[in-house]
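Structure first, commentary second.
Every chain is numbered from 1, with letters handed out A, B, ... down the list of sequences.
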Amino acid sequence: MQAPFGATVCPVRTEADAEAYTAWLASVGTVAVDTETTGLDVFSPGWSLRLVQIGDGDTAWVFEVGSEFDPLWKATLDSGRALIFHHATYDLLALRRLDLYPSTFDTKTLAHLVDPAGQHSLKKLCVELLGADASEGDEKLMAHFRSNGWKKGEGFAKVDLRHPDYVLYSGLDVVLTFRLFQKLRPLVVDSGQAHLVDFERRVSHLMATLTERGMSVDKSYAYQLGCTYDARREAAFDQCVIMGVDNPMSTKQVREALKAEGVTFTKKTAKGDYSVDEEALSLIDHPLAAAVLGVRRAGKFRKSYVEGTLAVLGADGRSHPWINPLAARTGRMAVSRPPLQQLPSSDADVRTMFVADPGHLIGASDYSNVELRVLAALADERVMKQAFLDGSDLHQMTADAAGVDRKLGKMANFLTVYGGGPQALAAQAKVDLRTADKVMSAFKRTYPGVDRWGKKLQMQAQASRYQLRTASGRRLPLDRDRIYAATNYVVQSTARDVLAQALLRLDEAGLFGHLLMVVHDECVWQAPAADAEDVAQSFKEIMSFSDFHGLPLPVDSEVYGASWGAGYQQSTRPEEAA
DNA sequence: TCCGAGAGCGCC
DNA sequence: AAACGGCGCTCACGGA
């Protein structure tokens, strides 16, 4: 079949096709691979692989999974030949379900290295790097789905395996992936990041393993917890209705109702309306404000965390969170479906849904103050480094320098990492601007190297088209109107690589099998109860850095108990959550 | 009915 | 001169 962009798409349906494929394969080296499946949810019941496409920059071969030609494509994936995928994590998990474990180049990873702030979808990259608008295929396929009354999710499961648009555009994707790889590989090398390709491949393979492993969920507890939040939400909702707000989730209604009560606002949203967020409402002494916050919080816990977790359980009853190993421009990872990096930490109830496997205990190991230590080390800030070397309480030191309490000192320390100023501190700590100003200038006075380093980074950025390079060699672009973020970006990116390097060491040390989840500066793991303390110690030893630019990066390691929640403050109302 | 920007909020 | 960084998720709302 003749495809757009001069590509040829060859379905493999006959012996003659198979022979032609074999001949073609003998004449090429690296190939690109893509898969089509019934849906994105690899672990859901009824999920299956439908097509496997293999190709180069000109030709794509499309195999129907389950046909007599399965051995052909399987042998290709098993041949040890370099394989190129776009968004390899997905295809990797799909293929692992068939016990195939290919090694991969991922054009999405390469694209992130080359342009960390850009968009990395196949279609966007095709426009950007190949000048090819490949969206027509998707649109045609979607139109076909719609004409059959299928939603997008349904269509991929139901579309005929031989529907010309399906076959053609499935094939085209591998051709484009191959061409993208050819464009991206030299760009990665030119950007001085060739050494990161293998590093990121190893990290992404490990993270795919975590997704595959998943976590055990206590379903009956989760149902009950959902009901608890629901009841809590109902009660607050009723309060709102009594006070004349039918929909407390409508910012407009809340704003108008509070205005009518004579409340005065100060904070505004980006669009210029008065803000009714938590910061604003918490300053308002009115029962409506409290009730609205109650609805929002209980609603979020129920919908985003409890129901969100239950809704995406795999056929095996486990939670299989998606991990994007290279999500933020800084390289920070992101976890979704469910969003395990964002579970409430102020109380244990939501985390208690996630339990250790039978006979096991859950524990966690996290870097202590990693971003502040990285900041001190990279900025080579003498006072701060010495404080960490002496084991002094840095938050107290900042507080003492400003003559305020520790809490404010701690906020100032963190806010500095985030690039915040006096305004931000005043808002967050609910103190007047004068006090906030005093604390922030005390910070600058006490740790002069931080400001000096920040200014240096900004100078460097301006001298190099707003691009910085981290210690691990990662290219890091700034937004030209927000160069003050330089300090935060470099610190965040470096801290990400600290954890990523630790993950590889954990694997080498044979500990990776214990890992369940990563949360930026933390590993959550499980171990047989009898070994848990030893495993905690091992994680601490392997993750720690003894000398990171002149500073140790120590790790706190703790056995929690039978659930993830066991490490957190237990609910004050256990009878409801029990 | 679908889509997307915006607001809000959970975590580190 | 000052500058709150990163993500994922849900809901409401207005426009196509």
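Residue A:Arg296 places at least one side-chain N or O under 4.0 Å from the OP1 or OP2 atom of B:dC9. In terms of phosphate contacts, A:Ser250 brings a side-chain nitrogen or oxygen within less than 4.0 Å of OP1 or OP2 of C:dC13. Side-chain nitrogen and oxygen atoms of A:Tyr305 include none within less than 4.0 Å of the OP1 or OP2 phosphate oxygen of C:dT10. At B:dG8, one or more side-chain N or O atoms of A:Ser275 fall inside 4.0 Å of OP1 or OP2 (strictly under the cut-off). Here A:Arg297 does not reach the OP1 or OP2 of B:dC9: none of its side-chain N or O atoms lies under 4.0 Å away. Phosphate proximity of B:dG10 to A:Arg302: absent, as no side-chain N or O sits under 4.0 Å from OP1 or OP2. Applying the 4.0 Å criterion to OP1 and OP2 of C:dT10, one finds that A:Ser304 has every side-chain N and O outside that range. A sub-4.0 Å separation between OP1 or OP2 of B:dC11 and a side-chain N or O of A:Ser345 is present.
Straight-line distance from the CG atom of A:Asp451 to the C1' atom of C:dA2: 12 Å, rounded to whole Å. Atom CZ of A:Arg233 is separated from atom C1' of C:dT10 by 11 Å (rounded to the nearest Å). The CD-P distance, from A:Gln253 to C:dG14, rounds to 11 Å in whole Å. Look at CE on A:Met333: it is 16 Å from P on B:dC12, rounded to the nearest Å. With rounding to whole Å, A:Tyr367 atom OH is found 19 Å from B:dC11 atom C1'. Atom-to-atom, CD1 of A:Ile323 to P of C:dG8 comes out at 13 Å; the value is rounded to the nearest Å. We find that CG of A:Asn369 is positioned 12 Å from C1' of B:dC12, with the value rounded to whole Å. To the nearest angstrom, P of C:dA3 lies 13 Å from NZ of A:Lys455.
The side chain of A:Lys252 lies closest to C:dC13 when the candidates are B:dC12, C:dC13, C:dG5. Picking from B:dG10, B:dG8, B:dG6 the nucleotide with the shortest atom distance to the side chain of A:Thr251 gives B:dG8. Closest contact between the side chain of A:Ser336 and the listed nucleotides C:dC9, C:dG5, B:dG10 involves C:dC9. Counting only heavy atoms from C-beta on, A:Asp277 has its side chain closest to B:dC9 among C:dG5, B:dC9, B:dA7. When each of B:dA7, C:dC4, C:dG5 is scored by its nearest atom to the side-chain atoms of A:Arg482, the top-ranked nucleotide is C:dG5. The side chain of A:Pro339 has C:dG8 as its nearest neighbour among C:dG8, B:dG6, B:dC11. Which of B:dG8, B:dA7, C:dG14 sits closest to the side chain of A:Lys300 comes down to B:dG8.
Evaluated for a side-chain contact (heavy atoms from CB on, under 4.5 Å) with A:Leu326, the options A:Val203, A:Leu196, A:Thr109 yield exactly one hit, A:Thr109. The one candidate from A:Lys430, A:Lys267, A:Gln428 that meets the side-chain hydrogen bond (donor to acceptor under 3.5 Å, both in side chains) condition with A:Glu279 is A:Lys267.
Counting non-hydrogen atoms under 4.0 angstrom, A:Lys303 reaches the backbone sugars and phosphates but no base. Across all strands, A:Asp273 comes closer than 4.0 Å to no nucleic acid atom at all (heavy-atom distances). No contact: A:Phe414 has no heavy atom under 4.0 Å from any strand. The residue A:Glu278 sits close only to the backbone: its heavy atoms come under 4.0 Å of sugar-phosphate atoms, none of a base. Note on A:Ala334: only backbone sugar-phosphate atoms sit closer than 4.0 angstrom, heavy atoms only; bases stay farther off. When heavy atoms are screened at a 4.0 angstrom cut-off, A:Gln423 is found touching the sugar-phosphate backbone but no base atom. A:Leu293 comes within 4.0 angstrom of sugar-phosphate atoms only, judged by non-hydrogen atoms across all strands, and of no base. When heavy atoms are screened at a 4.0 angstrom cut-off, A:Ala270 is found touching the sugar-phosphate backbone but no base atom. Contacts of A:Ile483 with the nucleic acid, taken as non-hydrogen atoms under 4.0 Å apart, are absent. Nucleic acid contact for A:Val491: none, since no nucleic acid atom lies under 4.0 Å from a heavy atom of the residue. Within the nucleic acid shown, A:Pro338 has no heavy atom closer than 4.0 Å to any nucleic acid atom. Within the 4.0 angstrom heavy-atom criterion, no nucleotide atom of any strand lies near A:Val417. Counting non-hydrogen atoms under 4.0 angstrom, A:Tyr489 reaches the backbone sugars and phosphates but no base. The residue A:Thr487 sits apart from the nucleic acid: no heavy atom pair falls under 4.0 Å.
For A:Arg482 and A:Tyr489, the positive end is not near the middle of the six-membered ring at less than 6.0 Å and at most 45° from its axis.
Along DNA chain C, the nucleotide closest to A:Ala328 and the one closest to A:Arg337 are compared, and the more 5′ of them pairs with A:Ala328.
Separation of the P atoms belonging to B:dC11 and C:dA3 is 26 Å when rounded to the nearest angstrom. If you take atom C1' in C:dC11 and the same atom in B:dC2, they sit 16 Å apart, rounded to whole Å.
A:Arg332 has a carboxylate O that lies under 4.0 Å from a charged side-chain N of A:Glu371, or vice versa, which qualifies the two as a salt bridge.
By the 4.5 Å heavy-atom criterion applied to side chains, A:Phe539 and A:Leu515 are counted as neighbours.
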_CA sep, side-chain torsions, deciding dist, call: A:Ser346, A:Arg297, side chain to side chain donor-acceptor pair (under 3.5 Å)_ = CA-CA 12 Å; A:Ser346 57; A:Arg297 190 173 167 88; 3.0 Å; yes
_Stepwise side-chain contact (heavy atoms from CB on, under 4.5 Å) check, A:Phe237 with A:Val241_ = CA-CA 6 Å; A:Phe237 198 103; A:Val241 174; 3.7 Å; yes
*asked:* If you apply the rule side-chain contact (heavy atoms from CB on, under 4.5 Å), what do you find for A:Leu506 with A:Cys523, and how did you get there?
replied: CA-CA 10 Å; A:Leu506 287 168; A:Cys523 290; 4.0 Å; yes
_Chi angles and distances behind the salt bridge (charged side-chain N to carboxylate O under 4.0 Å, His left out) call for A:Arg373, A:Asp521_ = CA-CA 12 Å; A:Arg373 283 175 184 268; A:Asp521 64 346; over 6 Å; no
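Put simply, the side chain of A:Gln342 and the base of C:dG8 share a donor and an acceptor less than 3.5 Å apart.
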